[in-house]
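Heads up: the structure comes next, in structure tokens.
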Amino acid sequence: MSDVFDVSALAAALRAATPVELAVVAAVLGGLYLIYSHLRSANKYDLDKVPGPWREGYPVVGNCLSLLSPDFHRQFLRWNDEYGGVCRIKFFWNDVLLVTDPLALGEIMGRGEHAIDKAFKTYAPINKMTDPHGNPNLLTAPADEKWKAIRKGVAVSFAFQNIKKKYPMILDRVNRVISRAAALGPQASIDVDQLALRVTLDVIGLAGFGHDYESVEKDVPEYDHLLRVLPRCFTEVMLRVINPLRPIFPNWFNNGPKGAAAFAEFQKQMRFLLNKVREDGEPEESNYDIGAQVWRVLQEHPDISEDRMLSEIGMLFVEGFETTGHTTSWTLFNIATHPEAQDRIAEELDALGLLHKPGAPAPRELELDDIKRLPYLTAAAKEAMRMFPVVSIMGRMATKVTRVGPYTIPSGTIVGTPLFAIHNTIHNWEAPHEFRPERWVDVPVEAYVYNSKGEEAGGKRGITFMPFSEGPRNCVGQSLAKMEVMTLLAKLLASFRIELAPEMGGREGIRARESTAMTLQTTGTKGIRCHLYPRGETVAARS
Ligand code: HEM
């Protein structure tokens, strides 16, 4: 990211700029200064009482310089640890509250008087990725009439009775990656992140639109394969968040044209899927796949444009691909580095007759119903989601004077709900840096929203864990995500004993490469490499 602030490159770019371009930059900077001055003089209600590093922020850039690191999610955590559950920072000239306080979160995420919705402004760079005209989508739009219509339509696809029909396809893809991993042998150091991402991309393509990206079968995917295009797009989105000039003058910045080209390629491929939905025409009555629901929404709501739908389809890929893949690999990483937890999971799988064993016949195939009979594996997945929530930060914006915790705040205040900090702050969790699946053993298996401070909060509704978010804007695809993650984990761990490859440098090595590039992942191309030791001779034959 430091490349973006390469001063000599900027100086060279300024020298090469035309007078018109320089005038535009001057106008933008002048406008920013006017906005900044205006905001300084507006009524701030209790904002100045909110603790935080905002007083040390610089004019115009605010506290942004402290966020110029790939693991900036940890900076949010440091601030919340230091200043408490509601703290204030300056993101450029914007006032931002970072909220990790359980009770305040319960109100913000809910439906009551102090609920706060999304605002177009906070997610704008994502919209340019999914549609050239910047139409919003389910993730980024405020909860207006169009959002309601689309959410209602798409939610049908993810209802359990519909999504469970996709289980055989998911199992097939998982078995294929297991066969490929088994063929490579335990001496190979396999990037389990890449392995999981290949499954999740195939699954969203097939489950949603009947389109096969054949990712699990590829050795090295082509440059324009979505497996490679999507990560380039995500990097570009993050660079645009911290540098608003980048989309206006892509040539001025490192890899600016490459980022813009990645957006164009992604939109081209999503347009292909939208055209396919159109060409397939009216779906059969029993077909509730995403493509079918997109078709129905377009028929029933002529005010929803094709461009908006392009943005929606793109968003489903954005959300369905990396989130699920990285959640799987963060869980495998934690299990691989905690042998006692891995042994306990193996025992649990064995008790259900699912574990491969030396000298034993192949175990029975995993069935969808088995997933809810694996409480310890579920606990391990939840604990990994607590420590490494792949959506590490979410943003909303107050559209009226409202209350956050004890503070009354003005309309226009951005309210960040930093999941990484919520799940890891010392104010919400005991020994948050320790991987302890046992925390979840007495919590109902299906609970993905949780208040670890339940009694302390006097039974009031509070939140310290919500990897799929909570309330009306929660994750619409979580049924698919849980089915995929659990199938991948159960099958991989039933087939292999997994160890982190020594070249990863242990947990510290992975820690040093943590990065939020839209989702929480590892920087660079190494991913999370592991050695996979088959648990029995039947692994290669069976999968
Ligand atoms: C383990 C995997 C996943 C995790 C942890 C996850 C997490 C989340 C979170 C935290 C949000 C709220 C984001 C925000 O407010 O900024 C969200 C929203 C969303 N997710 Fe997921 N997600 C996952 C998988 C999926 C899948 C597989 C799909 C669909 C293919 C999906 C589709 C969506 C959509 C469309 C939204 C926006 C919902 C709305 O605001 O109406 N997600 N997800």
Side-chain angles (χ1 to χ4, degrees), residues 105 108-109 115-120 122-123 126 130 136-144 146-155 157-159 162-163 166 170 196-197 199-209 237 273 289-291 293-294 309 311-331 378 381-382 384-397 414-420 422-423 448-449 463 465-489 516 518-521:
L105 285 170
I108 293 168
M109 312 303 294
I116 302 179
D117 193 14
K118 304 260 179 93
F120 182 78
T122 44
Y123 288 86
I126 303 182
T130 49
N137 48 54
L138 272 188
L139 178 81
T140 63
D144 56 14
K146 285 185 186 164
W147 174 85
K148 281 185 198 148
I150 297 166
R151 169 105 190 185
K152 201 170 150 210
V154 170
S157 308
F158 293 105
N162 292 325
I163 213 68
K166 306 299 171 195
I170 295 174
L197 287 168
V199 171
T200 59
L201 181 57
D202 281 0
V203 168
I204 184 66
L206 284 165
F209 302 92
V237 168
L273 294 179
D289 288 357
I290 300 169
Q293 289 304 98
V294 164
M309 270 307 175
S311 187
E312 297 295 349
I313 294 176
M315 176 45 53
L316 289 165
F317 273 81
V318 170
E319 276 291 328
F321 167 59
E322 285 216 348
T323 50
T324 317
H326 297 322
T327 296
T328 308
S329 56
W330 282 122
T331 310
T378 310
K382 280 192 206 167
M385 291 173 115
R386 181 191 67 76
M387 293 178 81
F388 300 93
V390 291
V391 178
S392 67
I393 171 93
M394 310 187 289
R396 300 188 171 210
M397 197 171 87
I414 296 175
V415 179
T417 48
L419 279 185
F420 184 84
I422 295 165
H423 290 187
Y448 279 82
V449 178
I463 300 172
F465 178 73
M466 50 166 181
F468 293 104
S469 190
E470 164 63 341
R473 304 306 300 261
N474 70 354
C475 175
V476 76
Q478 56 185 293
S479 55
L480 174 64
K482 288 172 194 165
M483 193 159 79
E484 279 187 79
V485 169
M486 288 301 289
T487 307
L488 264 161
L489 292 174
T516 286
M518 271 186 75
T519 49
L520 176 56
Q521 52 192 275

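Both counts, for ligands and for their atoms, begin at 1 and track the order of listing.
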Could you list which atoms of ligand 1 come closer than 4.0 Å to a heavy atom of [X]?
{"X": "Leu138", "result": "35 (C), 39 (C), 40 (O), 41 (O)"}
{"X": "Ala481", "result": "1 (C), 2 (C), 24 (C)"}
{"X": "Ile204", "result": "30 (C)"}
{"X": "Val476", "result": "34 (C), 35 (C)"}
{"X": "Tyr123", "result": "14 (C), 15 (O), 16 (O)"}
{"X": "Asn474", "result": "38 (C)"}
{"X": "Pro467", "result": "5 (C), 7 (C), 10 (C)"}
{"X": "Val390", "result": "5 (C)"}

To check your reading of the model: name the closest protein heavy atom to [atom], its residue, and the distance in Å.
{"atom": "atom 1 (C) of ligand 1", "result": "Thr327 OG1, 3.4 Å"}
{"atom": "atom 26 (C) of ligand 1", "result": "Gly320 CA, 3.6 Å"}
{"atom": "atom 37 (C) of ligand 1", "result": "Leu139 CA, 3.7 Å"}
{"atom": "atom 28 (C) of ligand 1", "result": "Gly477 CA, 3.6 Å"}
{"atom": "atom 8 (C) of ligand 1", "result": "Cys475 CB, 3.7 Å"}

So is [X] polar-close to ligand 1, meaning N/O to N/O under 3.5 Å?
{"X": "Ser469", "value": "no"}
{"X": "Glu484", "value": "no"}
{"X": "Gln478", "value": "no"}
{"X": "Thr324", "value": "no"}

Any luck finding a side-chain donor-acceptor pair between Thr200 and Thr324 under 3.5 Å?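 No.
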Ligand 1 contact on Thr323 by region, counting heavy-atom pairs under 4.0 Å: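 Near ligand 1, Thr323 shows its backbone as well as its side chain.
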Measure Lys482 to ligand 1 on non-hydrogen atoms and call it side chain, backbone, both or neither using the 4.0 Å cut-off.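 Neither; no heavy atom under 4.0 Å.
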Between atom [atom1] of [X] and atom [atom2] of [Y], what is the distance when rounded to the nearest 0.5 Å?
{"X": "Glu322", "Y": "Leu201", "atom1": "CD", "atom2": "CG", "result": "10.5 Å"}
{"X": "Asp202", "Y": "Leu197", "atom1": "CG", "atom2": "CG", "result": "11.0 Å"}
{"X": "Lys166", "Y": "Ser479", "atom1": "NZ", "atom2": "OG", "result": "12.0 Å"}

What do the steps show when you test Ser157 against Ile290 for side chain to side chain contact (heavy atoms under 4.5 Å, CB included), and what is the final call? CA-CA 6 Å; Ser157 308; Ile290 300 169; 3.9 Å; yes
Criterion side chain to side chain contact (heavy atoms under 4.5 Å, CB included) against His326, the qualifying member of Leu520, Val391, Val390: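 Among Leu520, Val391, Val390, the one that satisfies the side chain to side chain contact (heavy atoms under 4.5 Å, CB included) with His326 is Val390.
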Among Met109, Arg396, Arg151, which one satisfies side chain to side chain contact (heavy atoms under 4.5 Å, CB included) with Arg473?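 Of Met109, Arg396, Arg151, side chain to side chain contact (heavy atoms under 4.5 Å, CB included) with Arg473 is met by Arg396 alone.
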Do [X] and [Y] have side-chain heavy atoms sitting under 4.5 Å apart?
{"X": "Ile422", "Y": "Leu419", "value": "yes"}
{"X": "Thr130", "Y": "Phe317", "value": "no"}
{"X": "Ile150", "Y": "Met309", "value": "yes"}

Can you name the ring-ring contact (aromatic ring centres under 6.0 Å, His included) partners of His423, sequence neighbours left out?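 Applying ring-ring contact (aromatic ring centres under 6.0 Å, His included) to His423 gives Phe465.
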Should the ring pair Tyr448 and Phe468 be called parallel, tilted or perpendicular, given that the plane angle runs from 0 to 90° and is split at 30 and 60?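 Judged by the thresholds at 30° and 60°, the geometry between Tyr448 and Phe468 is perpendicular.
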What do you reckon, does Phe317 put a non-hydrogen atom under 4.0 Å from ligand 1?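 Checking ligand 1 against Phe317, which is what was asked, there is no heavy-atom contact under 4.0 Å.
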For Glu319, give me all partners under side-chain contact (heavy atoms from CB on, under 4.5 Å), at least two apart in sequence or on another chain.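 If we apply the side-chain contact (heavy atoms from CB on, under 4.5 Å) test to Glu319, skipping adjacent residues, the hits are Leu139, Met315, Thr323.
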Which option out of His326, Lys118, Met466, Arg151 puts a heavy atom nearest to atom 39 (C) of ligand 1?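 Selected option, by shortest heavy-atom distance: Arg151.
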Shortest heavy-atom approach to atom 4 (C) of ligand 1 - which of Phe321, Phe468, Tyr448, Phe158: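 Shortest heavy-atom distance from atom 4 (C) of ligand 1: Phe468.
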Which N, O or S atom name in Glu319 marks its closest approach to atom 21 (Fe) of ligand 1?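 Of all N, O or S atoms belonging to Glu319, OE1 is the one nearest atom 21 (Fe) of ligand 1.
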Using side chain to side chain contact (heavy atoms under 4.5 Å, CB included), reason through Ile463 and Glu470 one step at a time and then give a plain yes or no. CA-CA 9 Å; Ile463 300 172; Glu470 164 63 341; 3.6 Å; yes
